[in-house]
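What follows is a single structure, written as structure tokens, with notes after it.
Whatever order the structure lists them in is the order used to number ligands and atoms, beginning at 1.
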Amino acid sequence: MGLFDGISPRTLLASALLLSSAAQDVFARPAPEPKVPWMRNRNGAAKKKMANHLKRAVEGHGRRTTETACADSLVTEITAPKPNIWGELTDVETAGVVAWLFAQEDLNLTITEDAGAWDNSIQLVEAMWPNKTDALAFIDGNATAPSKYAHVLLNNRATVDPYYADILVGPLPIDNATATWEPLSYPYNKGDGGTVRNLDADSDVLYAEWIFPIGASIADITLDLWNGTAMGLDNDTLDIWGIDPLWQSDGKIIRWDTFWNIPTGDFDSETLLPLGLYFMSDVTGRDPSKWKFEGWLYNNVFYSTTEEFRSAYWGSCFKKNTANEDGPWAQSDQQGEPLPMDDSYGPTVIAPAGSRFGIDHKEKYVEWQDWSFYIGFNRDTGMSLHDIRYKGERLLYELSLQEALAHYAGNDPMQSGTAYLDTFYGFGPYAFELVQGYDCPAYATFINSSFYVDETTHTHINSICLFETTADYPIQRHTTSKYVSVTKNNYFVVRSVSTVGNYDYTFTYSFFVDGSIAVEVRASGYIQSAYFAHNEDYGFHIHDSLSGSMHDHVLNFKADFDILGTSNSVQLMTAVPSKETYPWSKGQTRNTMKLERSFLETEDDGRLNWAPNGATQVIVVNEDEKNKYGEYRGYRVLPYTGTAHLTVKDSSNLENAAHWAEYDLQFTVQKDTEPRSAHAYNSQDVFDPPVDFAKFFDGESLRKEDIVLWMNLGMHHVPHTGDLPNTVMTTAHSGIQFMPSNYFMGDLSRRTVQQVRINYGTDGGAIEVETFGQLTSQDNVTCKLEFTPVEADLWGYTGDIVVRKFPFDPNDPYFETGSIV
Ligand SMILES: *[C@@H]1O[C@H](CO)[C@@H](O)[C@H](O)[C@H]1NC(C)=O
Ligand SMILES: *[C@@H]1O[C@H](CO)[C@@H](O)[C@H](O)[C@H]1NC(C)=O
Ligand SMILES: *[C@@H]1O[C@H](CO)[C@@H](O)[C@H](O)[C@H]1NC(C)=O
Ligand SMILES: *[C@@H]1O[C@H](CO)[C@@H](O)[C@H](O)[C@H]1NC(C)=O
Ligand SMILES: *[C@@H]1O[C@H](CO)[C@@H](O)[C@H](O)[C@H]1NC(C)=O
Ligand SMILES: *[C@@H]1O[C@H](CO)[C@@H](O)[C@H](O)[C@H]1NC(C)=O
Ligand SMILES: *[C@@H]1O[C@H](CO)[C@@H](O)[C@H](O)[C@H]1NC(C)=O
Ligand SMILES: *[C@@H]1O[C@H](CO)[C@@H](O)[C@H](O)[C@H]1NC(C)=O
Ligand SMILES: [Cu+2]
């Protein structure tokens with residue numbers, strides 16, 4: 001017993017606290033007053049359930065049987081309190097919009113399948129989210145649901161100045177008598193009626209008429225250097241592609257492209273096979289005959305013409321660098337000596353009682369313990385969460401990805417010019433089917449997601465997963481001389497994965513029993529590497545002629561907090577070193593520290609970074625809702641794992657297209673005119689993009705306003721040899737947490753029965769095991785677990801489903817459709 005001979009004051013204090021009536025406060029605090037009738041019902045039901053449960057626990061553990069305690073993992077089907085106003089359009093609604101659009105002669109639309117580079121076509125049809133004002137009147141009040149509209153994006157190419165046009169079509173369902181369309185401009189701040197130029201309009205002819213002829217013009221050199229060609233032939237072994245966004249200064253559109261080896265194996269390793277030859281073209285305007293070839297770059301020497309390059313190449317002192325070649329080093333299959341004991345089954349998470357949560361599949365509405373939320377989905381940003389409530393009180397109106405940037409740098413124009421804004425490609429279309437037992441536990445609940453492409457709706461089956469799991473560490477524990485108390489950390493996860501090109505982003509939203517939330521992203525997949533030559537300052541040398549090209553990942557999320565209503569403020573509380581004298585310090589100065597509190601007053605001071613040494617707490621509070629000790633009830637925002645904002649200042653690639661990437665945390669007042677920090681086509685006009693985030697900051701007060709936080713996850717990624725073949729998610733990980741700060745009167749995780757207190761006597765040995773009504777061995781209930789290797793289910797992996805929208809036949813929705821990507 002030596003361990004506890006000297007009981008510290010802290011131990012005594014803790015014991016006293018636990019056993020005193022002060023602890024009761026946590027449990028005694030009444031649930032928040034229900035705001036709307038449905039909430040009242042829900043809270044009532046929950047309370048009754050809890051009461052029954054406690055009664056059962058008191059009466060003894062005899063009532064439960066194998067049937068009730070053990071179940072398959074089927075989730076409980078529930079009914080959402082209100083329809084999901086952030087949900088997807090139905091097949092019939094979309095088909096109605098598409099048919100109506102084709103009937104509008106002024107839009108001059110061509111069916112995508114038949115459309116060439118000089119035709120107008122429909123790029124996107126999806127649900128328009130309602131304004132927050134209208135949404136709140138519906139979800140919190142008695143108002144009818146806001147009218148439904150479609151957000152349509154037209155790809156208008158029947159002109160020398162091709163452009164994308166956002167328009168609003170509705171109301172839905174379409175009725176020929178009432179339907180109208182109008183330019184959609186209010187969500188964007190460019191101020192020209194919801195249009196942005198299209199630099200991609202001639203992608204059809206770009207390769208045939210420009211890139212491949214250039215590849216062919218130096219076939220003698222590429223054959224000599226790499227025994228291959230990039231000429232658009234079936235036997236090409238080289239590929240050509242380049243920067244994104246295109247250079248856009250001085251009214252010109254400039255491309256830099258480079259050569260890559262096409263993988264010889266079955267793996268997606270092309271981004272690991274750069275060859276170090278670059279060329280520049282001026283592709284301004286729509287007439288390829290007016291485009292200009294501007295020169296070659298090899299081994300840091302620039303040649304302004306092909307003739308100059310060719311004569312240097314075949315001259316006597318030309319230095320040829322070695323190529324990056326495909327091989328096992330670039331392939332992700334198992335290789336190398338198997339690990340000890342690794343051929344037997346590894347650990348697996350199970351849910352012996354089945355899924356312990358409810359879902360309304362139709363409305364994509366979820367309830368787990370005291371949490372509830374709706375799931376939305378769109379083309380640009382993929383999965384989003386809405387009306388996130390805890391104990392019936394909304395904490396967040398919206399929590400969603402906004403944009404993801406991968407900004408590279410290097411001495412070569414390819415890396416220097418690359419700054420992917422990934423919503424251009426879209427997170428929705430690339431949210432593929434998840435792999436059971438690998439991306440999510442095998443017992444998880446999977447739901448589908450859909451997006452519009454080329455007059456079809458494309459569905460990715462099982463692309464969002466939901467499950468409860470348990471951490472490998474407890475949420476609470478304490479050991480004293482008399483007892484040990486420890487509580488399981490069970491939490492709930494919603495996850496989707498988007499593979500945008502070479503990179504895979506795993507998005508995870510977690511909900512915990514103490515009222516906290518975590519937002520995380522993990523990155524894997526293939527890095528985009530650089531040719532290793534003269535670029536030691538821009539990355540590690542990681543393979544034969546390969547640089548792990550440095551880049552910043554910055555992912556912007558919108559967190560629209562509603563802390564006890566929409567009148568919120570942002571409190572900062574900083575721990576500062578100080579010198580103090582106290583009445584008891586006998587005139588001596590004590591070197592110590594204290595807290596300084598302040599508020600963000602206006603949007604002018606709304607853009608901030610995490611303080612060095614984590615000294616400043618950032619708390620979204622409701623100044624009119626103090627707890628009984630006079631502290632503001634609120635939610636604190638804090639890093640979970642590392643985060644990052646963009647290192648580059650005034651990026652030459654991005655100009656005004658991604659000002660959201662400049663700080664860690666940015667607070668604005670919610671506006672229906674500022675629903676998103678970016679636009680999918682910001683990359684098309686970086687000087688004058690549809691959404692310039694910097695314009696959000698116009699000095700408005702941030703006190704007692706509807707506060708929105710635009711926060712950045714990310715990492716400064718300098719790939720090393722361990723990123724080959726793929727980046728690993730142990731370290732390619734970023735996250736932010738939201739935690740209650742004086743929001744409740746105690747730790748709400750105390751309410752879970754998934755905890756134990758073991759009392760032990762002075763002679764050692766347990767004298768009491770308190771399990772708080774959990775099933776125990778005395779219940780004589782044993783769940784039978786049949787472990788089936790998950791691979792059996794993987795033969796059901798389906799891939800994509802497409803529903804044709806025009807011409808739409810509800811009886812034959814799959815008519816003439818094929819899979820994309
Ligand atoms: C569990 O089984 C034991 C042994 O058969 C029995 O004594 C006990 O009463 C059972 N408990 C309950 C709660 O049924
Ligand atoms: C309509 O589009 C076609 C190409 O699809 C084009 O040739 C024609 O000029 C356009 N008409 C108008 C009025 O813009
Ligand atoms: C909603 O309707 C109920 C019953 O008609 C009424 O008591 C309540 O005040 C209304 N709530 C709001 C927010 O208008
Ligand atoms: C609406 O107009 C379209 C195109 O003119 C037509 O095909 C369709 O039948 C009309 N629908 C109704 C309900 O009138
Ligand atoms: C060059 O490529 C051709 C065709 O791809 C192949 O048959 C030949 O073996 C290659 N030569 C060398 C030296 O690799
Ligand atoms: C590729 O095919 C073309 C014609 O189809 C032929 O002329 C050329 O020699 C081939 N290239 C190689 C490297 O085999
Ligand atoms: C997902 O889509 C498939 C194919 O359309 C359908 O069978 C399945 O029921 C859908 N799943 C859910 C959860 O809606
Ligand atoms: C949504 O808000 C914008 C900006 O205030 C406004 O222009 C638009 O008309 C509103 N939409 C609806 C359906 O009320
Ligand atoms: Cu990276």
Side-chain angles (χ1 to χ4, degrees), residues 73-75 77 84-85 87-88 90-91 102 104-122 127-138 143-151 154-163 165-172 180 182-189 191 193-194 201 286 355 359-366 375 377 431-434 436 444-451 456-466 669-676 706 796-804 813-814 817 819:
S73 63
L74 282 186
V75 65
E77 191 68 32
N84 185 343
I85 50 177
E88 296 160 29
T90 63
D91 283 348
F102 279 116
Q104 307 310 303
E105 273 165 25
D106 52 341
L107 296 178
N108 194 17
L109 294 168
T110 304
I111 293 173
T112 307
E113 220 164 61
D114 306 332
W118 288 83
D119 296 311
N120 295 345
S121 58
I122 303 172
M128 179 75 193
W129 290 349
N131 286 339
K132 185 172 179 181
T133 342
D134 300 333
L136 291 188
F138 173 61
T144 52
S147 319
K148 222 167 168 178
Y149 284 84
H151 167 213
L154 301 176
N155 189 357
N156 287 334
R157 290 170 297 174
T159 158
V160 290
D161 297 309
Y163 62 100
D166 287 286
I167 65 170
L168 198 61
V169 178
L172 304 187
T180 58
E182 59 182 276
L184 180 60
S185 54
Y186 72 81
Y188 320 118
N189 59 23
R286 297 205 65 180
S355 294
I359 185 168
D360 180 333
H361 274 101
K362 182 168 167 286
E363 302 300 341
K364 293 197 168 145
Y365 169 78
V366 179
I375 298 174
F377 193 86
F432 295 109
E433 181 173 1
L434 298 163
Q436 277 186 59
T445 300
F446 294 85
I447 60 176
N448 300 339
S449 62
S450 301
F451 56 96
T456 64
T457 293
H458 207 92
T459 298
H460 283 145
I461 306 242
N462 300 344
S463 47
I464 295 172
C465 72
L466 304 112
V669 176
Q670 190 279 333
K671 289 218 184 70
D672 291 334
T673 51
E674 294 173 353
R676 190 178 147 200
D706 189 356
Y797 194 87
T798 13
D800 300 342
I801 300 275
V802 186
V803 175
R804 177 153 287 281
Y814 302 99
T817 56
S819 287

Over 12 non-hydrogen atoms of neighbours within 6.0 angstrom of CD in E77: yes
Atoms in ligand 7 with a heavy atom of N448 nearer than 4.0 Å: 1 (C), 2 (O), 3 (C), 8 (C), 10 (C), 11 (N), 12 (C), 14 (O)
Polar side-chain atom of N156 near backbone of P162 as donor-acceptor pair, under 3.5 Å: no
S185: partners by side-chain contact (heavy atoms from CB on, under 4.5 Å), with sequence neighbours left out: none
Any I461 heavy atom less than 4.0 Å from ligand 7: yes
Residues in salt bridge (Lys or Arg N to Asp or Glu O under 4.0 Å) contact with E363, at least two apart in sequence or another chain: none
Protein residues having a heavy atom less than 4.0 Å from any atom of ligand 2: N108, T110, W118, D119, A158
For residues 129-138, which side-chain donor-acceptor pairs fall under 3.5 Å, sequence neighbours excluded?
| unit_1 | atom_1 | unit_2 | atom_2 | d |
| --- | --- | --- | --- | --- |
| W129 | NE1 | W86 | O | 3.4 |
| K132 | NZ | D560 | OD1 | 3.0 |
| K132 | NZ | D560 | OD2 | 3.1 |
| K132 | NZ | D562 | OD1 | 2.9 |
| K132 | NZ | D562 | OD2 | 3.3 |
| K132 | NZ | D706 | OD1 | 3.1 |
| K132 | NZ | D706 | OD2 | 2.7 |
| T133 | OG1 | D672 | OD2 | 3.0 |

Test item: N84 side-chain N/O and Y365 main-chain N/O as donor-acceptor pair under 3.5 Å: no
Donor-acceptor contact present, side-chain R157 to main-chain S121, <3.5 Å: no
Backbone or side-chain N or O of T673 under 3.5 Å from ligand 8 N or O: no
Side-chain heavy atoms of I447 within contact of L466, under 4.5 Å: yes
Where ligand 7 meets H361 - atom numbers and elements under 4.0 angstrom, heavy-atom basis: 13 (C)
